[in-house]
Protein chains: 2
Amino acid sequence: MTGSRHPSFPLALLPCLSRLELQPAQWLFRAGTPPRHIHFIEEGAVRLVRHGRQGEEVVLHDARPGEFLAEASLDSARYHCDAVASEASVVLRVAKADFQRLLIEDAAFERTWIALLGAQLRTARARIERLSLRSAEERIRHLLLSEGRGPRCELEVAGTLKDLARQLGLTHESLYRTLARMQNEGVIDRQGLRLSLTPEGDPKRMT
Amino acid sequence: MTGSRHPSFPLALLPCLSRLELQPAQWLFRAGTPPRHIHFIEEGAVRLVRHGRQGEEVVLHDARPGEFLAEASLDSARYHCDAVASEASVVLRVAKADFQRLLIEDAAFERTWIALLGAQLRTARARIERLSLRSAEERIRHLLLSEGRGPRCELEVAGTLKDLARQLGLTHESLYRTLARMQNEGVIDRQGLRLSLTPEGDPKRMT
DNA sequence: CGTCGCATTGATATCGCTCAAATCCGGTGG
DNA sequence: CCACCGGATTTGAGCGATATCAATGCGACG
């Protein structure tokens, strides 16, 4: 069966799935071509990049497992960027027509889809606020407070700390150092990839 | 007239609108209360804030004119954060029931809404990639490349340069200095709030 | 005019980036 | 079982870009 391991994947899409395996540096789609599918990252990573005339590129997004790709481009005539696998990846895809038919015929799926877009929008906006903070410590605190679970804001980091550093807009060295310092100062607890705020914590505020 | 100045505002919502004026620091809604409306920022700014146990707070989003607020909370039983006006603001709102009825009954509105969420998601992700760039110059170039019009990526800045600096995650001093330097180096043209890339400095195009 | 906020420029401090090196750890092959 | 390898993790030293603090000009507005 070609289902997905990810809980966010809408079940209604299962009957229309096709599975695609990508090698590193392999293209998923290119700018200027018409969107024919909606894509879901099952494993690996796929980058959305925009290219300049002189070969320089701007990374628009780095899609990770559990994310849809170019879901916002379905109503566009053409992709506005290139998508390329940055590592070996598995992508699930659904034909545009199937998807749009589902959206019209299946009211429950339509609500699911709107909820999914809304959730991704909230996540993205929280990340924007996080990246607007100037210090590494504030970004880590923001991450725990906005995505941590329970009274101590516990968070199990997905992937490596290096990946987390990139997501936070920091070098991995800065992240390691700041985590170590916060741990020494008693601000956070850390056991491997499990982070949390200490109860006595800190009377400090961020605005 | 209770319409909106913003082009992104769906016309279908017009009949259900009510207008709300907020003073600085006035609450729009609080965490734990049930969502009853969908909100649209017409003027000003409204912050979504989540509070920790010891009074520490993180800004999840700083909603600006033209944005919907808490559109993802409609299917939640309760708001998960507080919303407070950070300056004098005008908010348009639609009752939850009216909105959901429209979503079900009006297929065109449903498509409009999905397209709107997708557009906001794309915008947010482009901003994330911009904020991930390390230097002020790169962020400015990314802004022009991703949002500028035409072969020279011309961009008319909305609001003040100070606002732009905040949106780019920079201090206004850094932005002024970097713009001046790029202008001196012939990388960009600037006439007031009108920015563009110079042809020889950067013959780059977006697709 | 006087005030207020934006725009601009200068001087200095600071934090994160860069380069570098050592350790750990899981996997792989001999 | 052990040697080896690659990547993640960690710590150090120094530098540089941006933040910070400060001062001035300027235009709008009452």
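Just so it is clear, the model here is predicted, and its values are computed rather than measured. Every chain is numbered from 1, with letters handed out A, B, ... down the list of sequences.
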- With no hydrogens and no angle check, is any side-chain donor or acceptor of B/His61 less than 3.5 Å from a backbone partner on A/Arg122? no

TODO: Compare all side-chain heavy atoms of A/Val157 with those of A/Asp163 and state whether any distance is below 4.5 angstrom.
DONE: no

Query raised in the report: Ignoring hydrogens and geometry, is there a side-chain-to-backbone donor-acceptor pair from A/Thr198 to A/Val187 under 3.5 Å?
Result: yes

Rounded to whole Å, the CG-C1' distance (B/Leu133 to D/dT18) equals 15 Å

Scan nucleotides 5-8 of chain D against the protein and return all N/O pairs shorter than 3.5 Å with their distances rounded to 0.1 Å.
unit_1	atom_1	unit_2	atom_2	d
D/dA8	OP2	A/Lys162	NZ	3.0

Note: for B/Arg139 and A/Ala180 on DNA chain D, the residue whose nearest nucleotide lies more 5' is A/Ala180

Output for pair (B/Leu175 CG, B/Lys162 NZ), nearest 0.5 Å, gives 12.0 Å

In whole angstroms, the gap separating C1' of C/dC6 from CD of B/Glu173 amounts to 12 Å

Measure the acute angle between the ring planes of A/Tyr176 and A/His172, then classify it against the limits of 30° and 60° as parallel, tilted or perpendicular.
perpendicular

For this session: For B/Arg36, look at atom CZ and say whether over 12 heavy atoms of other residues, nucleotides or ligands are found less than 6.0 Å away.
Result: no

Here the distance between atom P of D/dA23 and atom NE2 of B/His172, to the nearest Å, is 15 Å

Q. Do A/Arg139 side-chain atoms and A/Leu170 backbone N/O form a donor-acceptor pair below 3.5 Å?
A. no

### Message
Does B/Arg190 reach a base, just sugar-phosphate, or nothing at all? Heavy atoms under 4.0 Å.
### Response
sugar-phosphate

Notebook entry, point to check: Are B/Arg181 and B/Glu185 close enough for a salt bridge, meaning some N to O gap below 4.0 Å?
Noted result: yes

Note to self: Can a donor-acceptor pair be found, under 3.5 Å and without considering hydrogens, that links the side chain of B/Arg50 to the backbone of A/Ser146?
What the structure shows: yes

Protein N or O to nucleotides 11-16 of chain C N or O, pairs below 3.5 Å:
unit_1	atom_1	unit_2	atom_2	d
C/dA11	N6	B/Arg177	NH2	3.2
C/dG16	OP1	A/Ala136	N	2.4

Quiz prompt | Exceeds 12 heavy-atom contacts within 6.0 angstrom, atom CZ of A/Arg78 | solution = no

According to the interplanar angle, ranging from 0 to 90°, do the rings of A/Tyr79 and A/Phe29 count as parallel (below 30°), tilted (30 to 60°) or perpendicular (above 60°)? parallel

In whole angstroms, the gap separating P of D/dT9 from CG of A/Leu175 amounts to 9 Å

Rounded to whole Å, the CG-P distance (B/Leu179 to D/dT18) equals 12 Å

Students should find that the end-to-end axis angle of the helix from C/dC1-D/dG30 to C/dG30-D/dC1, with five pairs defining each axis and rounding to 10 degrees, is 40°

